[in-house]
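Presented below is the structure to which this report refers.
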Amino acid sequence: MSGVQNISRRDFLKQSGIAGAVVLGANVVPGPMIAAVRAQSGGASIQPNLFVGIAADGTVTITCSRSEMGQGVRTGIPMILADELEADWHRVKIWQAPGDAEKYDPAGKDGQNTDGSRSTRHHLDVMRELGAAGRYVLEQAAARKWGVDAGEVYAKDHRIHHTGTGQSFDFGEVVDAAADIEVPTGAGAPKLKDMSQWKYIGRDMPVVDNYDMSTGGASFGADISIPGMKIAVVARPPVYRGKAKSFDATAALGVQGVEQVVEIPPLPDDKPAEFRALGGIAVVGTNTWSVLEGRRKLAIEWEDGPHTAHDSSTYDDELRAAAAAGGHVIRDRGNVDEALAAADQSLEAEYFVPYFIHTPMEPPAAIVDANARPVKVVAATQSPNETRQYVAEALGLEKSDVTCEVTLLGGGFGRKSKPDFACEAAILSKMIGSPVRVQWTREDEIRNGYYHAASAHRLKAGLDASGKVTAWHHSGAWPSLIALWAPDARTGHPIEYGLGLIDTPYDGVPNLRIENGEASAMIRVGWYRSVNNIQHAFAMNCFANELAAAAGRDPVEFLLELIGEADVMDLAKDGVENPWNYGDSVEEWPIMPKRLSNVLRVAAAKSGYGKTMPKGHGLGLACHRSFHSYVAAAVHVVGSGTMARSGFPRWTWPSTAAGTSIPKG
């Protein structure tokens, strides 16, 4: 248990003037917070720093402290608590927590950041405990009312039942009695339900926001309006860390609805980009169309700055050369060089992934009133507390001086964990003395957002006479996302290594080396969906299939041999002492080759792998460990250039493939 306790004592409820409710999950907070939450809940119950509240009418309000961006977290996290509470899902309301990690990060692990596939992983246990605590106090309260032993009562379907008489109470009928009951901890803590008793967890549930999202009732960042608010768009430098030398706003100011054109000062050269506003020319007015039209009519002369020479064609070649050179060994097993020299056959291949950018359906938007105290931020953000931090810095304030309310996100993928857009709104609000909504467009995002890193990968492997891999060498190069904080960073960070590279689960290879070559960051690189797992999985699986083709072996059988059947893979044996493991310990979340082998077998069986394929058809499989999940995919390809051999489909790689088979001698 996490030390859950009932803090809504009878006296506290009476003093607050809101009797008839029980609240669980946190500490008493000062009156202003109580008043704010009381207003939010219509006065029926209060919810100060808590995760579940039960009102006198039986309504259960559950706090969601993670951002909803289409993944269903506002359904998934609350339903865990509701399941343990035995609440009727139709009588549950969801309350979106503002940014405050001390209050709304019950697991204490990720500061309310919705990223890294951590929401359910880190909150399953604690939300179950909170639900069990609620169930416990309701059962105890009912037992008191009936004057019976608590062992004779149980919660089910939003009611408390007495086994002896068949009597029952609705949840709301016992909340007053429940307000005095302590929740025991330690050995006496409320018992969690057995998995067989779950009715919501692991089941298909209707997403709570689907109706509003489908009918236009949902509120996203661009839907929010506050009194006196202005709309702004920003013309940003075409080159990363560029600046405006001069601008002429005459034509822009001639557009009806445009009120001001102001400059957001460029970020000082000695300040790393991080999630700060980089500067630009802002057009401010009364409506979005007007400011977009005004921005189109700006005349700006830009100074491109230090990255003006950054060009994809030359940079791509630099990455390829860096991958071939390697240099920074991050994992080493056996003697790869000797094994390659002794191999009966060797293969070398290169794989390249260009820059790309996720463009969520909803471009970034944030509203800031920098003239209020505390500063008010309303944003479509994945990281409300980092938003508070960076907005406070932009305004010369403390983080505690800034609040952040979270709207629904029309997609996020990692982009909206970077609050540069909120910083722009904060700076402009302070400059013009009014609340401001900064609105990005899709074009803004593609030109000036954060990019998924380009990367190059050079792989070599040796095969013995039976077609078994005796050596595996993988060297990669990419601009590091750590350059946002350390611009001179030229190699990757342990976080990037842990994203499907250093944890390469090929336990069946006796000689294995993984290296990282140097590369400079010339643009804002950030974490996006799957982060570095994308390029690592792509290179590793393609190369494994090329090796299988060179060896004349079944690709799935070949992959299974590479992976092996070990329950746990020990990276320490390969010189890796402290691997980054998605922020968790390898003891709690070990690397398990057998799980990857099993999921590959399941995907092969369910996809019909091994059956005779028509001419022009092929079936390929790949697998990877990512964010503690073990994933396999099967793709049925229809085209030309396939052939059947020994009853299994085989894709013949095009003549332009990078792989080149080199027989020994």
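What you are looking at is a predicted structure, and each value in this text was computed from that prediction instead of being measured.
K418 forms no cation-pi arrangement with Y451, by the criterion of a distance under 6.0 Å to the ring centre and an angle within 45° of the ring axis.
No donor-acceptor contact under 3.5 angstrom links the side chains of S475 and H473, judged on distance only. For the residue pair Y609 and D554, a side-chain donor N or O sits within less than 3.5 Å of a side-chain acceptor on the partner. Between the side chains of Q112 and N385, at least one donor-acceptor pair of N or O atoms lies under 3.5 Å.
By the side-chain hydrogen bond (donor to acceptor under 3.5 Å, both in side chains) test, S383 is found to be paired with N113, residues two or more places apart in sequence or in another chain being considered. Taking the side chain to side chain contact (heavy atoms under 4.5 Å, CB included) definition, one finds that I495 meets it with H493, L499, W580, sequence neighbours left out. By the salt bridge (charged side-chain N to carboxylate O under 4.0 Å, His left out) test, R276 is found to be paired with E274, E393, residues two or more places apart in sequence or in another chain being considered. D570 pairs by the salt bridge (charged side-chain N to carboxylate O under 4.0 Å, His left out) definition with nothing, not counting sequence neighbours. Listed by chain and residue number, nothing satisfies the ring-ring contact (aromatic ring centres under 6.0 Å, His included) test with W198 (two or more places apart in sequence, or in another chain). Applying the side-chain hydrogen bond (donor to acceptor under 3.5 Å, both in side chains) rule to S480 yields the partners E496; only residues at least two apart in sequence or on another chain are considered. Contacts of R331 classified as side chain to side chain contact (heavy atoms under 4.5 Å, CB included), with partners at least two apart in sequence or in another chain: R333, I502, T504, L512, I514, M569, L571, D574, V576. For A566, the side chain to side chain contact (heavy atoms under 4.5 Å, CB included) partners are D507, P593, not counting sequence neighbours.
Atom CZ of R529 is surrounded by 12 or fewer heavy atoms from other residues, nucleotides or ligands within 6.0 Å.
Annotation: salt bridge (Lys or Arg N to Asp or Glu O under 4.0 Å) contacts involving residues 456-481, sequence neighbours excluded, comprise E348-R458, E350-R458. Sequence neighbours left out, the pairs with a member in residues 445-457 that pass salt bridge (Lys or Arg N to Asp or Glu O under 4.0 Å) are R415-E445. Counting only residues at least two apart or in different chains, salt bridge (Lys or Arg N to Asp or Glu O under 4.0 Å) contacts with residues 511-525 comprise D337-R513, D420-R524, R490-E518, R513-E515.
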Below 3.5 Å, can you tabulate the donor-acceptor pairs from side chains in residues 75-84 to any protein atom, sequence neighbours excluded?
unit_1, atom_1, unit_2, atom_2, d
T75, OG1, V208, N, 2.9
D83, OD1, K193, NZ, 2.7
D83, OD1, K199, N, 3.3
D83, OD2, K199, N, 3.1
D83, OD2, Y200, N, 2.8
D83, OD2, I201, N, 2.9
E84, OE1, R135, NH2, 2.9
E84, OE1, K193, N, 3.1
E84, OE2, R128, NE, 2.8
E84, OE2, R128, NH2, 2.9
E84, OE2, K193, N, 3.3

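Under the 3.5 Å distance criterion, the side-chain polar atoms of R625 are left unmatched by any main-chain donor or acceptor of L596.
Within the 4.5 Å cutoff, no side-chain heavy atoms of Y450 are placed close to those of V525. The side-chain heavy atoms of R74 and L408, taken from C-beta on, include a pair separated by under 4.5 Å. Here the side chains of D105 and H123 are in contact, with some heavy-atom distance below 4.5 Å. In this structure, P579 and V586 have side chains that are in contact, with non-hydrogen atoms separated by less than 4.5 Å.
Aromatic ring pairs are classed by plane angle as parallel below 30°, tilted from 30° to 60° and perpendicular above 60°; the pair W527 and W485 is parallel. Taking the six-membered ring for Trp and thresholds of 30 and 60 degrees, H628 and W589 have nearly parallel ring planes, at less than 30 degrees apart.
Between F627 and Y582, the distance from one ring center to the other falls under 6.0 angstrom. The ring of Y351 has its center no closer than 6.0 angstrom to the ring center of H457. Two rings, from W478 and F352, have their centers 6.0 Å or more apart.
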Before you tell me yes or no, could you show the steps for L459 and H474 under side chain to side chain contact (heavy atoms under 4.5 Å, CB included), namely the whole-Å CA-CA distance, both residues' side-chain angles and the distance that decides it to 0.1 Å? CA-CA 5 Å; L459 287 91; H474 183 167; 3.9 Å; yes
